[in-house]
Amino acid sequence: MAELGAEEIDTQNADEEAIRVTDLRKSFGTLEVLKGVSLTAHKGDVVAIIGGSGSGKSTFLRCVNFLETPSAGQIIVGGEEIKMRPDGSPADRRQIERIRTQLGMVFQAFNLWTHRTLLENVIEVPVHVLKVPRAQAIKRAEELLDRVGLGDKADVFPSFLSGGQQQRAAIARALAVDPRVMLFDEPTSALDPELVGEVLTVIRDLAAEGRTMLLVTHEMKFAREVANHVVYLFEGRIEEQGPPAEVFGNPKSARLKQFLKTVG
Amino acid sequence: MAELGAEEIDTQNADEEAIRVTDLRKSFGTLEVLKGVSLTAHKGDVVAIIGGSGSGKSTFLRCVNFLETPSAGQIIVGGEEIKMRPDGSPADRRQIERIRTQLGMVFQAFNLWTHRTLLENVIEVPVHVLKVPRAQAIKRAEELLDRVGLGDKADVFPSFLSGGQQQRAAIARALAVDPRVMLFDEPTSALDPELVGEVLTVIRDLAAEGRTMLLVTHEMKFAREVANHVVYLFEGRIEEQGPPAEVFGNPKSARLKQFLKTVG
Amino acid sequence: EEVKIGIAAEPYPPFASLDASGSWVGWEVEVIGAICAAAKLDCVITPVAWDGIIPSLTGQQIDAIMASMSITEERMKTIDFSNPYYNTPAVIVADKSMDIEPTPASLAGKIVGIQASTIHQAYAQEHFSESEIRVYQTQDEANQDLFAGRVDAIQADSIAMADFVASDAGACCEIKGPVENDVSILGRGVGAGVRKGDDALREALNGGIAAILADGTHAEITSRYFSASIYSE
Amino acid sequence: MEPLLELLGLAKSAELLSLSPPGWGGNLLRGLVNSLQIAFGAFGFGLVIGLFGAYGKLYGGVVIRDLLAIYTTVIRAVPELVLILILYYVGTDLVNKIAQAFGYGRVEISGVFAGIWVLGIVQGAYSTEVLRGAIQAIPQGQIEAARAFGMPSLMLMRRVTIPAMMSFAVPGLANLWLIATKDTALLAIVGFSELTLETRQAAASTRAYFTFFLAAGALYMMVTLFSGAAFNRIEKWARRGQPSLRGKN
Amino acid sequence: MFDLRDLMKPHRIVLMLIFAAIVVWCAYTLRWDWIPTYAPLAIEGLWRTIWILIVTTVLGFFLAIPLGLAQAIGPWYLAAPAKVFCTIIRGTPLLLQIWLLYYGLGSLFPQIPWIRSSELWPYLRQAWPYAVLALTLSYAGYEGEVMRGAFSGVNKGQLEAANAFGMPRLTMFRRIWLPQAIRNVLPTLGGETILQLKATPLVATITVVEIYSVSSRVRADTFIVYEPLLLLAVFYMMIAGVITLLFRRFEQQVPGRATGK
Ligand SMILES: Nc1ncnc2c1ncn2[C@@H]1O[C@H](COP(=O)(O)OP(=O)(O)OP(=O)(O)O)[C@@H](O)[C@H]1O
Ligand SMILES: Nc1ncnc2c1ncn2[C@@H]1O[C@H](COP(=O)(O)OP(=O)(O)OP(=O)(O)O)[C@@H](O)[C@H]1O
Ligand SMILES: [Mg+2]
Ligand SMILES: [Mg+2]
């Protein structure tokens, strides 16, 4: 059923490109982490990125919103190409700032602002970047915190929270900016199965609203249920990609077969 | 097969108690997080602790080695009771330091020392606390790093590593002290299925060597395969416990049933 | 036009010191007033740190220095001086029990304290090469160390020293006598310093000094502060 | 015994310290106010320079970084006294020469203005380093998170970097503030009557060295205690959200 | 220590040319004829400045560590005295402290006969012991405060990891806490050390001969004002340059986040 739902969305918006990455490369010193990755996501697509530890998944997400400067490649968000200098750094700071407000990100290490309470973390960007009236932002933030089950922790500072609570807060923070594209870096790593299920629901809802998602995950079951496109990264290259049914059901590459074996 | 192996170990050492926790309570201010948790693990036992986010799993592990001072309760490690003051703080620092060297811990947030390379992180405790000769410690550290697949990252500082790499390094660091009891706080949260499989192997090997493990995890499949005893925490109390086959196959508590539903 | 007369911001009684209401009093202050009146100058007293007094002059913050500054050859390379308006000999002071003469031979091997940036410093460094010279920021500090026994002798102005040995703090000590004169260092008395080339002001001040010496104002002021004259040709 | 007796001569001290002449208390207080005025201006001016300097050093281009390196090294290296002598005297000399060349009269540069200017430039060099260290101590993720949400850099500085670095910067800045209050003493050389000069004048004029130096010490202590309390509050506020390390074994 | 290619960038060449021009201008238009006469004295003064700096910063820093630690986590009976000490030192001008030690405390000693006849008297009669004591205490007071901030700024998880492995407190302190604390404040410490360098001229007021007092002497003797000051500035800049380089080396030993990222 999940796949059915996903495909439905896919066909609906197939025309409108939300994000297109072409031949993205990234090196740290002599270590080439991304060796030319190309990927296109249409409006409402949920793209799951899977792959071994250190294969470059986080680096890829971080390059998409220029937290790392790519060594080469082209990134187009909502039809607008991000202007790059020859060294890969963004040429137009305004542009990159504008585009980033359309890209909500949930970090692998959560990165909540430790000097602000949960509520303040969530309203920070809406109020100060998007200029949403404060009262309205607070109302929405409270809804979001409730939705991720943290309604009673709104006034707590992040360092006093459990891992899963921090991760949920990070998700709420990303949702609060109403992004067109969501970048999730292992959004369920610290969550128990029950909460994973809830995040799944959230992601499905978002997709139904026409939002696009790039989603790094280690949980194949989750990927299979939520994504309509799966990308398998291996040592900085896309080794295989396709609809989940195919990638999981009928993997072609030997490495992917090996990777999936343990999942059973 | 996994359960069979686990049970085998269980019967082998059933007499020798590795760790016994009696009626452990912990409050943060007015928030009572642990409401009387008792648990016994014998030598070679692998106890999986499962439960919702915020149910007190991390807090429990952290109380066991006194990173949090319990509000009440009794903790016995290897037959030796940890002496507590009335306020819950350890009465004998020497004792607690000695006992802690027998308790290897892998943190939910990894907590690698950022000012030291991976190799230095791993040899730190053996060389400076256990007084292992440096050359020997380095040899062992290299083996361990190889074992978790980080042989080539030995001289890298933790901040330059991917999440999964950091987690594996944290596991190697904990293994390096040859602990009698291992405390794992979600040791596979940042790992891909392939690596989860490997960590599983590591834990099985450790159990076979007679080491005891307390293991917080969100991956039920993993818990089922590796543990010989499963504890389900709910809001600071043990709601249900037993062998994995029973807990997962035939849950009694309604809450546990609900919790496991999403796992399918 | 206003003439800014720079004096040392650090009080130097009885020549120039401050009272609590912030006005400057003392022998030199009165003499400045008298000279300016005689020369028909509109003078304003401007205190400046002793350390910065010459840069203040060359940097035009002040127009003349009248701060007990002796006329020496070294200083005359940088600024010009008027004629002297007072002069006093330099003396050596030491503990009463010590057998010390104000001569290099007698002071050899002893510790001699002097105040920084004064003619006494230059003199001691030139003539007491066998002694250890300790340089103090203020005369009082040197006096205090003489009292504490951390220096064996001090060289200073005879008037200041007469005051000192008469006080409680100086009861330990006595004036052992004046040092041998060396005009090139000890100079030709105290004069007013002006910028090089500012001859108009220098001449005006010379006129004022001559006038108060001639009409007895100088002697009258001196008599109110000191028992003997502090001016000689 | 002399200084000790003088210390105990409390009656005489009280008379010397009374607020109206012939007591010198009023002069000391006036000096204190002058000192604080300059210290405040210089500290604030220095903070502004320091913030931009730290940013320039961390994120600026090569030329900016080199120029800032020269600025911080030279200014921090040269004793303030020398800087003040050079900046004040040579500076006003130059201004006057220029003014005269254009047919204007002598320009008076007020002590307060010069003091704030000169000490501010000095403080700026130190602030640059303190703030740079503090910014570097912020966990990288905190800043990345803000970037990822498209915060413009100025806002990022205001909303994330500055509050997050506060806990690291406050002790260093507190030191700088105290240094500022005491460095004003150096302005005595340009004839600015701040607390130290007033003290020295009072002491030398009355010969009551101990009384006045202790009185000045007490005044400085009061400033320190007050600002200490203020900085403590700031630090506590800056550390909110961080678990305390106290009482941990 | 430098890579020559680093210096060959265009803007650096321009800067060096400007610098060279200033040097040449100074050399030709200002008076330098006094240098030969005062060179030996200047070298002696420079040496005195340097050793006072080294001795007082090293001693002061070792005092600062317990002072900072006591304030950060110590029990109240250690924290309170440490706090009082730091507050007094930071709260009063150094000049006043030097002056109280030398003229206050120091002038009490001679009045006690047994001190005057003891072996210590030749030292107590000197000024430098008071100077070293005063500067050491001063550095300790300021750095104690800085170290307090540094100790409490270390991430809690880092210490918990050490605790969890049963590290004895001293080992944890030496291996984890102190290095991380020092790393966080290295830039501040570098600055404070340069401040200490510039505090050394104050000891001239108690008759210790160091480089600043030599320049004052030149000024007093010759009435050349700016040239000795300029040369003095150059000396201080060189020492400060060395300090900066040293601290930069320390900083580079642990890669924090890359700058300019
Ligand atoms: N230092 C603290 N101060 C106050 N409350 C705390 C503190 N640490 C944890 N808590 C609270 O205690 C509860 C239990 O936290 P704990 O970290 O044990 O949860 P957990 O079971 O490990 O959850 P997760 O699976 O999300 O990691 C949470 O509600 C958390 O907010
Ligand atoms: N700042 C950096 N400097 C140097 N190397 C880096 C840096 N960041 C990442 N790397 C390296 O790049 C590789 C890819 O890292 P990345 O974080 O993208 O992995 P990942 O696929 O997200 O892995 P995981 O699943 O473990 O999070 C790793 O080998 C890592 O060590
Ligand atoms: Mg990652
Ligand atoms: Mg947890």
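By convention in this document, chain letters (A, B, ...) are assigned in the order of the sequence lines, proteins followed by strands, and residues within each chain are numbered from 1.
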Exercise for the section: Could you walk me through whether Arg148(E) and Glu235(D) pass salt bridge (Lys or Arg N to Asp or Glu O under 4.0 Å), step by step? Expected result: CA-CA 12 Å; Arg148(E) 175 185 66 79; Glu235(D) 194 176 341; 3.0 Å; yes

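- Heavy-atom distances place no part of Leu173(D) under 4.5 Å from chain E, backbone and side chain included.
- A donor-acceptor pair under 3.5 Å links the side-chain atoms of Trp177(E) to the main chain of Phe151(E), judged by distance alone.
- Under the ring pair (Phe, Tyr, Trp, His ring centres under 6.0 Å) criterion, Phe247(E) pairs with Phe250(E), sequence neighbours left out.
- If you measure heavy-atom distances from Leu225(D) to chain E, the contacts under 4.5 Å come from the side chain alone.
- For Leu230(E), the part sitting under 4.5 Å from any heavy atom of chain D is the side chain, from C-beta outward, and nothing else.
- For the options Ile88(E), Thr244(E), Leu197(E), heavy-atom pairs under 4.5 Å to chain D are most numerous at Ile88(E).
- With a 4.5 Å cut-off on non-hydrogen atoms, Asp66(D) touches chain E through its side chain but not through its backbone.
- The two residues Tyr142(E) and Lys182(D) come nearest to each other via the heavy atoms OH-NZ, 2.6 Å.
- Within 6.0 Å of CZ in Phe52(D) there are 12 or fewer heavy atoms belonging to other residues, nucleotides or ligands.
- Judged by distance alone, the side chain of Glu194(D) and the main-chain N or O of Leu197(D) form a donor-acceptor pair under 3.5 Å.
- Residue contact with chain D, scored on non-hydrogen atoms closer than 4.5 Å, involves the backbone and the side chain of Thr87(E) alike.
- The contact between Phe213(D) and chain E is made by backbone and side chain atoms together, counting heavy-atom distances below 4.5 Å.
- Counting heavy-atom pairs closer than 4.5 Å to chain D, the top residue among Ala199(E), Ala240(E), Gly91(E), Ala150(E) is Gly91(E).
- Heavy-atom distances place both the backbone and the side chain of Val130(D) under 4.5 Å from chain E.
- Note: Ala77(D) leads Ala69(D), Ala216(D), Ala77(D) in heavy-atom pairs under 4.5 Å with chain E.
- With rounding to the nearest 0.5 angstrom, the OG atom of Ser138(E) is 4.5 Å from the CG atom of Leu94(E).
- Of the two parts of Leu232(E), only the side chain, counted from C-beta on, holds a non-hydrogen atom closer than 4.5 Å to a non-hydrogen atom of chain D.
- Looking at heavy atoms from C-beta onward, Gln97(E) lies in side-chain contact with Ile89(E) at the 4.5 angstrom threshold.
- Interface residue Leu100(E): only side-chain heavy atoms are found under 4.5 Å from chain D.
- Interface remark: Leu176(D) contributes no atoms to any contact with chain E (heavy atom separation under 4.5 Å).
- Looking only at distances, a side-chain donor or acceptor of Tyr71(D) sits under 3.5 Å from a matching main-chain atom of Ile121(D).
- Checked against Ile239(E) for a side chain to side chain contact (heavy atoms under 4.5 Å, CB included), the options Leu53(E), Ile194(E), Thr193(E), Val234(E) give a single hit: Leu53(E).
- Looking at Leu67(D), the atoms closer than 4.5 Å to chain E (heavy atoms on both sides) all sit in the side chain, from C-beta outward.
- Of the two parts of Phe235(E), neither the backbone nor the side chain holds a non-hydrogen atom closer than 4.5 Å to a non-hydrogen atom of chain D.
- With a 4.5 angstrom heavy-atom cutoff, Val62(D) touches chain E via backbone and side-chain atoms both.
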